[in-house]
Amino acid sequence: MRAQASVLHLDLDAFFAAVEQRDKPSLRGKPVVVGGVGGRGVVSTASYEARRYGVRSAMSTREARARCPHAAFLTGRFHAYRETSRAVMAVLRAVSPLVEPLSLDEAFVDLAPAELGDHDETTLRAMGERLREGVKEATGGLTASVGIGTSKFIAKVASDLDKPDGLVVVMPGTETELLRPMHVTVIPGVGPATAERLRRAGIHTVADLETVSLDELVRLVGRAHGTGLHALARAEDDRAVEPERETKSVSVEGTYDTDLTDRSLMSGLLTRQAGQVAERLRKHGLSGRTITIKVRLHDFTTLSRSTTLPSPTDHAPTIARLARSLLEELDTSGGVRLLGVGVSGLADWIQEELFTDEEPEQEQDVAPVEPPTQRSTWAPGMDVEHTEMGRGWVWGSGRGVVTVRFETAQTGPGPVRSYPADSPDLAPWRPPETDGAPV
DNA sequence: TCTGGGGTCCTAGGACCC
DNA sequence: TCTGGGGTCCTAGGACCC
């Protein structure tokens, strides 16, 4: 918590719906719902006109239709949202370079570098109004709610207090009296599960929470969460505004209107998703070592399976192949409603650099370290044949060693073995390009 | 026919190493 | 030979956020 109110939080009001109303004047003043329109879609954003009918974010579109049948139901136009978001972030960066976007419609701004002179309430309000005006101009009339306070937590709570189109400044020293009467769910990280645990312990408000000892909180909700809650209940929050946050994972998933039962269809869908993930990785110059699939069964139980490569990849056939073999482990006979593929353990360099950089620590289980050669011969994902092991594909390669994952059509994925890259027992057996055709 | 999609962070257990 | 403890990496699942 800072001595001065110098953290600002800005939240665009009903952002997706507002962009739709801006771009299509016939929708202005009318209920608009943006979200999935399929049988299993949910509401992403409801305009304030639609909220009057009880339509809320995360509600199923089916229920939203029941509550407000005359609303316009639209799927998102993410290009337009991204473009508009960029314009908003540019307005914020003109005030201070320290802007941390949380999503397309939300950001923190650290006002410390802004030349504000005094941080008295009048100056802060003027700054907030100036920003809101700037956003309106840059976006063709979108409104935003702004909160200013001594920490991220307080700024965020403040921006929520006078929505929509509001501005609230919480001056230093007034934080705890503001928070105490509020329900524990104002604290970021307290969702339904945590709120229920706290409720059972008789803790409802922030004031209640403040009386609970650190040990007791840790016992209730775990180490990390407990210490966080203990501090936030006292408005203690020193989290910095971080303009550059690194991407940790990239994923694509889809929920299907009817449950999937056909394994070959699932394989095809995973293959297509793997291609989309690889494309996004490449676009951002990323690659990753851990491939994860996500499977949601008909009864909503959600499973994940993952595997970690010896070196990072952005190669679609490799990701697809691993995803498909991970699916083999799962019993999907009851039907699958969601399938997804993700890559994590990201590096901002690609595998080729393994060959040019100095030797990494990591060792292979086959010893001979030859001079780095064969770069193009053993590309990840490439199909290979071993005289004894049979068919497999390149899982990773580097430093004169190629790691192969063997599999057969009959038995599925098999063992992983490493060989010297010049092993006469190992040969490519067909070009990999036939792989990856979606169903 | 309740329950999206893209993320982040945490926990807990096992393997493995020192 | 037995007893341990700590650290790191990996996997699976869950809570949470917008």
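Values below: all heavy atoms of this structure, side chains included; hydrogens, waters and symmetry mates excluded.
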ask   = Which is true for A:Gly254 with a 4.0 Å heavy-atom rule: it touches a base, it touches only sugar-phosphate, or it touches nothing?
value = sugar-phosphate
key: Residue pairs involving residues 210-251 of chain A (criterion ring pair (Phe, Tyr, Trp, His ring centres under 6.0 Å); sequence neighbours excluded)   = none
query = Does any pair with a residue in residues 58-79 of chain A pass ring pair (Phe, Tyr, Trp, His ring centres under 6.0 Å), and if so which ones, sequence neighbours excluded?
reply = A:Phe16-A:Phe78, A:Tyr53-A:His70, A:Phe78-A:Tyr81
query = So what does the secondary structure string of DNA chain C come out as, 5' to 3', with Watson-Crick or wobble pairs under 3.5 angstrom, [ ] for crossing and | for pairs with another strand?
reply = ....||||||||||||||
task = Indicate yes or no: at least one non-hydrogen side-chain atom of A:Tyr256 is less than 4.5 angstrom from one of A:Met266.
result = no
request  = For A:Arg289 and A:Leu309, indicate whether the former's side chain and the latter's backbone hold a donor-acceptor pair under 3.5 Å.
outcome  = yes
request  = Could you tell me whether the side chain of A:Ser145 and the main chain of A:Asp165 form a donor-acceptor pair under 3.5 Å?
outcome  = yes
message = Quick check on DNA chain B: between A:Gly36 and A:Arg280, whose nearest nucleotide comes earlier from the 5' end?
response = A:Gly36
query = For A:Thr247 and A:Leu338, take the nucleotide of DNA chain B holding the closest heavy atom to each; which residue's nucleotide lies nearer the 5' end?
reply = A:Leu338
Given atom [atom1] of [X] and atom [atom2] of [N], what is their separation to the nearest angstrom?
X: A:Leu339; N: B:dG6; atom1: CG; atom2: P; answer: 13 Å
X: A:Tyr81; N: B:dG5; atom1: OH; atom2: C1'; answer: 14 Å
X: A:Gln276; N: B:dG5; atom1: CD; atom2: C1'; answer: 12 Å
X: A:Ile293; N: C:dT11; atom1: CD1; atom2: P; answer: 13 Å
X: A:Phe78; N: B:dG6; atom1: CZ; atom2: P; answer: 9 Å
X: A:Arg296; N: B:dC2; atom1: CZ; atom2: P; answer: 14 Å
X: A:Phe16; N: B:dG5; atom1: CZ; atom2: P; answer: 14 Å
X: A:Arg219; N: B:dT11; atom1: CZ; atom2: P; answer: 16 Å

If the cut-off is 4.0 Å, is [X] near the phosphate of [N], judged by side-chain N/O to OP1 or OP2?
X: A:Arg289; N: C:dC9; answer: no
X: A:Lys248; N: B:dC9; answer: yes
X: A:Arg337; N: B:dT1; answer: no
X: A:Arg245; N: B:dC9; answer: yes

Could you tell me which residues satisfy salt bridge (Lys or Arg N to Asp or Glu O under 4.0 Å) with [X], sequence neighbours excluded, listed by chain and number?
X: A:Arg263; result: none
X: A:Glu20; result: A:Arg77
X: A:Glu329; result: A:Arg305
X: A:Arg67; result: A:Glu63

message = Can you list everything that forms a side chain to side chain contact (heavy atoms under 4.5 Å, CB included) with A:Ala112? Sequence neighbours excluded, please.
response = A:Arg2, A:Asp110
task = With the side chain of A:Glu253 defined as its heavy atoms from C-beta on, choose the nearest nucleotide among B:dG7, C:dT11, B:dG6.
result = B:dG6
message = Less than 4.0 angstrom from a charged side-chain N to a carboxylate O is my criterion; do A:Glu196 and A:Arg200 meet it?
response = yes
request  = Could you measure between the two C1' atoms, the one in B:dC16 and the one in C:dG4, and give it in whole Å?
outcome  = 15 Å
key: Separation between the C1' atoms of C:dA15 and B:dT3, rounded to whole Å   = 16 Å
inquiry  = I need the full list of salt bridge (charged side-chain N to carboxylate O under 4.0 Å, His left out) pairs touching residues 34-62 of chain A, with sequence neighbours left out, sorted by first then second residue.
reply    = A:Arg40-A:Asp259
note = Residues pairing under salt bridge (charged side-chain N to carboxylate O under 4.0 Å, His left out) where one sits in residues 202-223 of chain A, two or more places apart or in two chains, turn out to be A:Arg180-A:Glu210, A:Glu216-A:Arg219
request  = Using a cut-off of strictly less than 4.0 Å between a heavy atom of the residue and any atom of DNA chain C, enumerate the qualifying residues of residues 37-73 of chain A by number.
outcome  = none
Sugar-phosphate or base contact per nucleotide [nucleotides 12-18 of chain C; S, B, -; heavy atom under 4.0 Å] = SS-SSSS
